[in-house]
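Have a look at the structure below before the remarks.
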Amino acid sequence: MRAGAGQAGADKPDAAVVRDALGVGVAVGLSGFAFGVTSAGSGLTLLQTCALSLLVFTGASQFALVGALAAGGNPFTAAAGAFFLGVRNAFYGLRLSQLLALPRGLRPMAAQWVIDETTAVTLAQPTRRSARIGFTVTGATLYGLWNLTTLLGALGARALGDTDTWGLDAAGPAVFLALLAPMLTTSTERVVAALAVLLGLGLLPVLPAGVPVLAAALAAPAVLYLAGRRTRGARGSDESPGERVDDTATAHDVRGRVRGGAGEEDR
């Protein structure tokens with residue numbers, strides 16, 4: 001059974017799948033160091049920092065949470081922003097559950113590994129076997145390294161002193177942008193991203209920390225609504241005036257025949 005859409009050719013060798021999965025897992029897993037340093041610098045304890053990586057395990061949401069807290073934001077607002085960023089993983093899970101078809105007993109454990117990177121690697125595979133290998137290797141590598149480097153970063157934050165001096169607070173957004181940029185493949189997605197940036201930056205000086213992130217999420221429904229209206233308008237303009245006249249005449253003709261038939265039955 002094929003896993004990815006539009007994949008062609010023979011099955012991908014297991015070694016190639018493992019190599020690609022390890023590359024993604026190691027590259028992204030090392031950025032957990034930046035999260036550990038940033039989290040410790042925001043005032044969270046070592047236990048709280050490690051618990052976030054162990055239990056939450058979604059980098060964008062974790063960085064959003066500690067970033068809002070570091071800026072003095074309300075904890076509930078910061079948590080709400082992190083939650084909305086993590087909702088996308090639920091939609092990933094709907095797709096991956098069909099591709100992987102894991103036994104019921106494994107699904108709760110596998111759900112912890114459903115993130116951007118494991119989804120990308122899984123969807124790129126041509127068969128269910130390679131999809132399972134890619135998901136497992138990416139998830140295990142990334143989860144292990146992310147938590148290890150989070151611990152090292154939190155411990156190292158004490159030696160670094162003031163983390164703002166090193167500029168490590170920018171590491172989180174930089175990693176997130178590096179992951180997001182290749183996914184913006186259509187003009188609609190790019191417009192949504194650009195509008196979200198404008199909303200976030202524009203509202204940053206006037207709203208409490210964490211709230212601009214929530215407001216930036218409004219970019220998606222706004223752009224999709226306008227795109228839908230544009231599509232419906234284009235479809236309407238494709239129909240020529242002559243075709244509309246013909247359709248109207250046909251409708252009148254049908255109604256006339258129906259009325260004529262009804263009159264004959266009355267007679």
Side-chain angles (χ1 to χ4, degrees), residues 28-92 112 114-117 142-143 146-147 149-158 160-181 183-184 192-223:
V28 180
L30 293 176
S31 62
F33 181 84
F35 169 74
V37 173
T38 305
S39 180
S42 70
L44 295 182
T45 65
L46 177 64
L47 180 60
Q48 290 171 329
T49 298
C50 292
L52 275 175
S53 286
L54 283 169
L55 302 177
V56 178
F57 187 54
T58 173
S61 296
Q62 292 178 231
F63 275 115
L65 176 64
V66 299
L69 292 177
N74 184 286
F76 294 102
T77 304
F83 171 79
F84 281 112
L85 282 175
V87 166
R88 70 190 187 283
N89 293 333
F91 295 98
Y92 293 161
Q112 180 68 359
V114 176
I115 54 176
D116 297 326
E117 294 76 20
L142 184 50
Y143 189 76
W146 180 265
N147 282 281
T149 53
T150 293
L151 174 62
L152 295 176
L155 292 174
R158 300 175 183 176
L160 291 174
D162 185 6
T163 56
D164 292 341
T165 304
W166 298 82
L168 292 177
D169 56 326
V175 172
F176 181 69
L177 288 176
L179 295 173
L180 178 64
M183 300 180 186
L184 304 178
V192 169
L195 181 57
V197 170
L198 291 176
L199 284 173
L201 293 178
L203 297 175
L204 191 61
V206 296
L207 293 178
V211 177
V213 175
L214 300 179
L218 297 175
V223 172

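Numbers here are sequence positions counted from 1. Values in this document were obtained by computation on a predicted structure and should not be read as measured data.
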_Run the side chain to side chain contact (heavy atoms under 4.5 Å, CB included) test against Leu218 and tell me which residues pass, sequence neighbours left out._
none
Between side-chain atoms of residues 50-59 and protein atoms elsewhere (two or more places apart, or another chain), which donor-acceptor pairs fall under 3.5 Å?
unit_1	atom_1	unit_2	atom_2	d
Ser53	OG	Gln62	NE2	3.1
Ser53	OG	Trp146	NE1	3.0
Ser53	OG	Thr150	OG1	2.9

*Can you name the closest pair of heavy atoms from Thr49 and Ala154 and give their distance?*
CG2-CB, 4.2 Å
*Under 3.5 Å donor-acceptor, Ser39 side chain and Gly36 backbone*: no
*Identify the heavy atoms of Tyr92 and Val114 that sit nearest to each other, and give their distance.*
CB-CG1, 3.5 Å
*Please report the closest heavy-atom contact between Ala82 and Ser61, naming both atoms and the distance.*
O-OG, 2.8 Å
*asked:* Give me the atom names and distance for the closest heavy-atom approach of Thr149 to Gly32.
replied: OG1-CA, 3.2 Å
*Do you know the tightest heavy-atom contact between Gly200 and Ala216?*
N-CB, 4.2 Å
*asked:* Within this structure, what is the CG-CG distance for the pair Asn147 and Leu142, rounded to the nearest 0.5 Å?
replied: 9.0 Å
*Measure the OG-CZ distance between Ser42 and Phe63 for me, rounded to the nearest 0.5 Å.*
11.0 Å
*For Leu199 against Ala215, the heavy-atom pair lying closest together*: CD1-O, 3.7 Å
